[in-house]
2 protein chains.
Amino acid sequence: MALNPVTPDIIARLQGALPASAFREAAPHYLEEPRGRWAGQAGVIVAPETVEQVSAVIRAAAHDRVPVLPYGGGTGLVGGQISAEGTAPILLSLERMRAIRGLYPEENLMIVEAGAILSDVHDAALGADRLYPLSIASKGSARIGGLLATNAGGVNVLRYGNARELCVGLEAVLPDGQIWHGLKRLRKDNTGYDLRDLLIGSEGTLGVITAATLRLAPRPAGEGTALMVVDSPTAALALLSMARDHMGEGVSAFELMHRAGLEFLAETLPDIRQPFADPPEWFVLIDVGLARGLDPATALETLFAEAFEAGLVSDGMIASSEAQRHDFWEVREQIPEANRRIGSVSSHDISLPLGAIPDFIARAPDVIARIGAFRINCFGHLGDGNLHYNVFPMPGRSRHDHMDERSAIKQAVHDLVDEMGGSVSAEHGIGRLKVADLERYGDPAKLSAMRAIKAALDPFGIMNPGAVLRAEAI
Amino acid sequence: MALNPVTPDIIARLQGALPASAFREAAPHYLEEPRGRWAGQAGVIVAPETVEQVSAVIRAAAHDRVPVLPYGGGTGLVGGQISAEGTAPILLSLERMRAIRGLYPEENLMIVEAGAILSDVHDAALGADRLYPLSIASKGSARIGGLLATNAGGVNVLRYGNARELCVGLEAVLPDGQIWHGLKRLRKDNTGYDLRDLLIGSEGTLGVITAATLRLAPRPAGEGTALMVVDSPTAALALLSMARDHMGEGVSAFELMHRAGLEFLAETLPDIRQPFADPPEWFVLIDVGLARGLDPATALETLFAEAFEAGLVSDGMIASSEAQRHDFWEVREQIPEANRRIGSVSSHDISLPLGAIPDFIARAPDVIARIGAFRINCFGHLGDGNLHYNVFPMPGRSRHDHMDERSAIKQAVHDLVDEMGGSVSAEHGIGRLKVADLERYGDPAKLSAMRAIKAALDPFGIMNPGAVLRAEAI
């Protein structure tokens with residue numbers, strides 16, 4: 001179905017519905033994405049202040065069959081927020097809807113607008129002695145609406161779940177402009193189809209999320225962090241299992257890292273404090289938050305002793321201060337920045353059944369070596385079975401030297417992941433970058449249901465066309 | 001859209017696709033429901049053994065536009081499994097698909113077929129030293145497929161979530177007969193729309209769940225249970241908050257009960273051990289499962305002492321043996337059976353924002369008293385904001401004396417719930433009993449999206465017609 005460009009007529013209609021302050025200059029950040037792979041386009045950029053204004057924009061777009069691109073913090077890694085081709089859309093930024101509409105510490109809930117920045121939401125929760133546990137590297141710029149639209153993950157999913165599990169209600173504008181008022185403060189509500197979870201993760205293709213009721217968590221009585229050197233990914237999994245036997249849900253994060261991460265940090269970010277004098281091949285960061293009556297440092301020491309006895313760990317250190325906890329986390333959190341500075345040839349956000357991870361880590365270097373000589377930095381959220389498996393040029397070479405090999409590497413890694421029962425997008429989503437992957441690896445029945453749902457809710461195909469599903473295939 | 005009855009032609013088609021053993025006699029249990037409110041009808045009853053056979057049934061039904069009623073354990077309380085009017089359906093029982101296809105204790109996952117009985121799933125998990133935490137009163141007959149189709153809740157939602165949160169993958173047959181192979185063992189998988197959560201809770205109206213990948217939990221190192229007498233629902237909420245401050249996720253269940261529950265038990269089930277010599281007006285059952293290093297009895301004693309100091313609790317007892325834990329739970333778990341024996345005039349499965357619960361409990365008796373003189377038994381999953389608010393005849397009278405007042409009571413209670421931001425179906429679903437409630441209280445934009453999704457995935461309206469959405473309104 002052909003979409004129409006933004007015309008003076010549609011701009012006039014938008015000017016009638018929105019205050020002048022809602023119209024934005026085409027600042028570069030709206031049209032860039034973090035890895036610099038595409039440049040975007042926009043027919044007009046609007047930033048409404050209310051859900052009614054968002055509804056007015058969508059109604060106008062539906063009336064004239066003009067595409068709409070919802071825009072959050074612009075931090076997505078798969079191009080869901082960038083329209084590089086096709087009809088230039090109305091870019092609908094949620095940046096001015098950032099209010100915290102309500103904070104209910106006794107209910108462990110908070111109602112925030114879609115434009116609220118993740119770190120501001122963290123701060124507001126902490127101000128009420130609560131946690132909003134979703135945490136990702138881009139927390140200083142990612143916005144709640146985008147985090148929900150992409151079902152963001154991050155470092156605390158093991159304990160607290162993805163963005164999906166941390167949301168109990170939504171307010172959203174559907175593709176015909178109707179406002180869904182679904183911001184109830186309820187833990188249980190079995191009244192009809194789960195529209196909330198359908199919109200979460202649909203990447204703006206089924207509507208625009210304008211506000212959400214978020215789950216908060218009580219702050220654990222005591223927190224602690226350790227780095228432990230493991231002999232292998234298999235040992236890391238056994239350590240995870242042992243940690244959960246000891247501490248149950250108290251294990252908040254369990255992150256696997258490889259020596260390559262330390263080397264990349266040393267090369268690109270020398271100010272980061274290196275934790276090991278002699279960098280080990282594999283190590284894990286364990287973060288725990290325990291109930292009253294348990295001392296995190298003691299619990300981590302007990303775990304280490306038992307794991308050492310069992311031959312799972314050979315070395316380790318337990319943070320003795322908040323500053324040291326921060327240093328340990330800094331190693332993990334700056335690895336993506338180090339990767340960016342090295343410049344990956346191809347990066348893969350994959351998940352696998354936990355039990356298949358050692359085998360994958362053993363087999364993947366061979367399929368890559370068949371294509372050429374590369375460095376690999378494998379790290380990630382081991383507790384969730386989610387690895388960031390990123391492939392880099394050898395020292396002295398650049399990603400630009402390998403553009404011809406990029407798609408072969410990607411397909412070789414993804415084919416192996418698929419063969420082993422994994423997912424080719426664990427937490428980043430499909431966006432525009434992985435549309436062909438979804439078609440290649442997705443279940444045909446699920447794809448056909450997705451296309452039917454898209455056509456039913458967005459018959460003109462105006463919402464973020466080309467993301468998730470190929471626009472012409474709907 | 002008119003549906004066709006089961007004809008000799010369609011039976012012949014089914015006989016061609018299914019072995020003779022798949023055809024079932026019309027035993028009474030297929031056509032009854034637990035509260036005896038409706039009698040069902042079926043044109044033919046089939047029980048396939050494989051997902052391919054389920055697909056063949058659905059393809060035949062879609063071809064001839066014959067309705068299909070998926071049938072699990074028959075324990076639903078809102079008539080989702082009973083076709084009392086309209087065209088008699090193919091009743092599709094999952095009872096012969098009850099295999100445990102895989103058990104992965106190290107991954108805390110298990111793949112089971114839809115016909116597996118909940119208590120068998122519990123046992124299989126325990127055999128691997130794990131918990132499948134979903135637990136409801138009908139666990140001896142409810143089946144996994146129905147539990148997922150209705151997003152069942154129960155006593156452990158506070159800690160572990162509903163059926164929805166305990167499922168990471170599905171195998172299902174869609175209304176056109178396509179099989180969706182979605183049984184991956186992944187915690188994170190952001191590849192396209194969340195079809196899993198759309199099917200979960202759709203009560204068989206969008207397809208038939210045939211198998212699921214279920215989440216398991218490690219068994220807590222130590223468990224404990226207490227009954228504590230609270231001064232009021234407000235005090236109960238403060239106690240919940242204090243318990244979670246002490247023990248975090250270690251609080252597995254937090255159930256509120258009223259003296260009426262004890263009185264009904266004494267009247268109808270005198271063999272149940274009464275916990276209190278002098279029955280209090282309000283009391284709670286607290287169940288905890290703690291990590292290593294914490295003694296549950298000590299933790300509960302510490303909680304009680306602090307709550308007593310704060311004036312929240314006046315009396316209590318902590319189970320000193322597994323037998324006593326069982327006795328405490330027996331009180332809670334037999335209240336629904338006592339209610340059934342007394343015979344409710346109207347029962348309400350409602351949820352409210354936690355903070356609104358005391359006000360609701362204060363106001364609801366007045367709206368009921370305006371209709372007549374009744375007894376109320378209010379109990380439920382306070383930690384989830386979920387009350388079972390059931391209205392009974394006065395002693396010496398029967399529910400049959402009050403049939404004229406039933407709908408007025410229901411509406412008065414539901415109107416109050418809705419006014420206070422609650423849900424008129426917290427965990428039981430819509431079925432056929434609450435279709436009008438959904439129309440009355442549901443958000444119009446959500447309802448319109450639901451109808452569009454139903455029409456898109458099931459254009460002939462064959463899947464469980466009349467459940468959730470009025471058949472003629474789709």
Side-chain angles (χ1 to χ4, degrees), chain A residues 104 106-107 151 153 165 174 178-182 184-195 197-198 201-202 218 220 241 244-250 291-294 351 353-355 384-386 421 423 425-430 438 442-443 445-446 448-450 452-453 456-457 468, chain B residues 104 106-107 151 153 165 174 178-182 184-195 197-198 201-202 218 220 241 244-250 291-294 351 353-355 384-386 421 423 425-427 429-430 438 442-443 445-446 448-450 452-453 455-457 468:
Chain A
Y104 309 89
E106 292 304 311
E107 300 179 3
N151 187 29
E165 285 83 32
L174 301 182
Q178 282 192 88
I179 300 171
W180 172 37
H181 297 282
K184 289 191 168 178
R185 297 178 353 237
L186 303 175
R187 296 309 176 106
K188 281 181 172 174
D189 182 14
N190 277 350
T191 51
Y193 301 162
D194 186 3
L195 191 57
D197 283 311
L198 186 62
S202 70
S241 190
R244 301 194 77 188
D245 279 348
H246 281 232
M247 291 176 266
E249 293 98 331
R292 281 204 206 179
L294 290 176
S351 64
L354 274 188
D384 312 319
N386 178 193
S423 166
S425 186
E427 58 178 11
H428 294 167
I430 298 299
L438 179 59
D443 178 86
K446 177 174 169 179
S448 116
M450 285 173 58
I453 292 165
L457 295 184
V468 186
Chain B
Y104 309 88
E106 292 305 310
E107 300 179 4
N151 187 28
E165 284 84 31
L174 302 182
Q178 282 192 87
I179 300 170
W180 171 38
H181 297 282
K184 290 191 169 179
R185 297 173 359 234
L186 304 175
R187 297 309 176 105
K188 281 181 171 173
D189 182 14
N190 277 351
T191 51
Y193 302 162
D194 185 5
L195 191 57
D197 283 311
L198 186 63
S202 70
S241 190
R244 299 193 78 189
D245 279 347
H246 280 232
M247 290 176 266
E249 294 97 332
R292 281 203 205 179
L294 291 175
S351 63
L354 275 187
D384 313 318
N386 177 194
S423 166
S425 186
E427 57 177 12
I430 298 299
L438 180 59
D443 177 86
K446 176 175 169 178
S448 117
M450 285 174 57
I453 291 165
L457 295 183
V468 186

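Note that the coordinates shown come from a computational prediction; the quantities given were computed from them, not determined experimentally.
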Between chain A and each of [options], count heavy-atom pairs under 4.5 Å; write down the option with the most.
options: B/Gly250, B/Ser425, B/Gly293; result: B/Ser425
options: B/Gly248, B/Ala291, B/Ala426; result: B/Ala426
options: B/Gly385, B/Gly153, B/Gly355; result: B/Gly355
options: B/Gly182, B/Gly421, B/Pro220, B/Gly442; result: B/Gly421
options: B/Gly192, B/Pro218, B/Ser202, B/Gly201; result: B/Gly192
options: B/His181, B/Met247, B/Glu165; result: B/His181

If you tally heavy-atom pairs under 4.5 Å against chain B, which of [options] wins?
options: A/Gln178, A/Glu427, A/Arg244, A/His246; result: A/His246
options: A/Leu195, A/Asp197, A/Leu438; result: A/Asp197
options: A/Asn386, A/Asp245, A/Leu198; result: A/Asn386

Derivation and outcome, side-chain contact (heavy atoms from CB on, under 4.5 Å), residues A/Tyr193 and B/Val468
CA-CA 9 Å; A/Tyr193 301 162; B/Val468 186; 4.1 Å; yes

Might you point out which heavy atoms bring [X] and [Y] nearest each other, and give the distance in Å?
X: A/Ala449; Y: B/Leu174; result: CB-CD1, 4.1 Å
X: A/Asp384; Y: B/Arg187; result: O-CB, 3.6 Å
X: A/Ala452; Y: B/Ala456; result: O-CB, 3.5 Å
X: B/Thr191; Y: A/Ser423; result: CG2-OG, 3.5 Å

(request) Look at the side chain of B/Ser241 and the backbone N and O of A/Glu106, then say whether any donor-acceptor pair between them is shorter than 3.5 Å. (result)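 Side chain of B/Ser241 to backbone of A/Glu106: no pair is present.
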
Would the distance check show the side chain of A/Ser351 and the main-chain N or O of B/Asp189 forming a donor-acceptor pair, the cut-off being under 3.5 Å?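 Pair absent, no side-chain N/O of A/Ser351 close to backbone of B/Asp189.
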
[X] portion near chain B, given a 4.5 angstrom heavy-atom threshold:
X: A/Ile430; answer: both
X: A/Asp443; answer: side chain
X: A/Asn151; answer: both

Side chains of B/Pro353 and A/Leu186: does their closest heavy-atom pair fall under 4.5 Å?
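The answer is yes, as the side chains (C-beta and beyond) meet within the 4.5 Å cut-off.
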
(Q) Nearest 0.5 Å, please: how far is CG in A/Asp194 from NZ in B/Lys446? (A)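 The distance works out to 7.0 Å.
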
